[in-house]
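To start, the structure under review is shown below, and the notes come after it.
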Amino acid sequence: MSDAALWAALADPHRRAIVALLLEGPHTVGEIAGACGLSQPSTSKHLKVLREAGLVRVRQDAQRRVHALDPAPIAALDAWLEPYRRLWNRSLDALGRRLDETPDDP
């Protein structure tokens, strides 16, 4: 699982919708397709990309394949984003201080 594969997998809005849905819990391909408004073949293709990127894992439950998020790659992305989050927080804090110093217009 490379950072490039993670970003590439998340670049597609349908795959981001699938990831958001899987935040709620595990789902079958049919449930994901219905919730995302996709065909089952299209959903399966998107899930394959997400699995290959390490974002989704699958388990067999009788005749069904149940997909769930793997939190480890999400944690890695969060760690990568942390310096940028600090940068934005500092910028927003500075903006807040500046706005607090600005007198209100009567």
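From a predicted model like this one, the values you see are computed outputs, not experimental measurements. Counting from 1, the numbers follow the sequence of the chain as shown.
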Among residues at least two apart in sequence or on other chains, which ones pass side-chain contact (heavy atoms from CB on, under 4.5 Å) with Ser39? Pro41, Ser42
Applying side-chain contact (heavy atoms from CB on, under 4.5 Å) to Lys48 and not counting sequence neighbours gives Arg51, Glu52
Is any side-chain heavy atom of [X] closer than 4.5 Å to a side-chain heavy atom of [Y]?
{"X": "Leu47", "Y": "Val58", "answer": "no"}
{"X": "Leu50", "Y": "Leu69", "answer": "no"}
{"X": "Leu22", "Y": "Ile18", "answer": "yes"}

Please report the shortest heavy-atom distance between [X] and [Y], naming the atom on each side.
{"X": "Ala5", "Y": "Ala53", "result": "O-CB, 3.7 Å"}
{"X": "Asp70", "Y": "Gly54", "result": "CB-O, 3.5 Å"}
{"X": "Thr102", "Y": "Arg98", "result": "OG1-O, 2.8 Å"}
{"X": "Leu6", "Y": "Pro73", "result": "CD2-CB, 3.7 Å"}

Report the C-alpha separation of Leu55 and Leu10 in whole Å, then their side-chain angles, then the decisive distance to 0.1 Å, and conclude whether the side chain to side chain contact (heavy atoms under 4.5 Å, CB included) test is met. CA-CA 9 Å; Leu55 290 161; Leu10 292 171; 3.9 Å; yes
Sidechain N-carboxylate O distance under 4.0 Å for Arg97, Glu101: no
Strictly by side-chain hydrogen bond (donor to acceptor under 3.5 Å, both in side chains), give each pair with a member in residues 54-65 just once, sequence neighbours left out. Asp61-Arg64
Applying salt bridge (charged side-chain N to carboxylate O under 4.0 Å, His left out), can you list everything that pairs with Asp78, at least two apart in sequence or on another chain? Arg85
Output all residues satisfying salt bridge (charged side-chain N to carboxylate O under 4.0 Å, His left out) with Asp100, sequence neighbours left out; order by chain, then residue number. none
Is Val29 reachable from Leu23 through a run of I, L, V, M, F, W or Y residues, each pair having side-chain heavy atoms under 4.5 Å apart? yes
If a pair satisfies salt bridge (charged side-chain N to carboxylate O under 4.0 Å, His left out) and one of its residues is in residues 5-25, list it, with sequence neighbours excluded. none
Return each pair, listed once, that meets ring pair (Phe, Tyr, Trp, His ring centres under 6.0 Å) where at least one residue sits in [range]; pairs must be two or more places apart or across chains.
{"range": "residues 18-41", "value": "none"}
{"range": "residues 58-83", "value": "Trp7-Trp80, Trp80-Tyr84"}
{"range": "residues 42-66", "value": "His14-His46"}

Apart from Leu95 itself, what residues make up its hydrophobic cluster, given side-chain heavy atom links below 4.5 Å? Leu99
List for me each residue that meets ring-ring contact (aromatic ring centres under 6.0 Å, His included) alongside Trp88, sequence neighbours excluded, and say none if there are none. none
Spatial distance of atom OG1 (Thr43) from atom CG (Leu21) [nearest 0.5 Å]: 10.0 Å
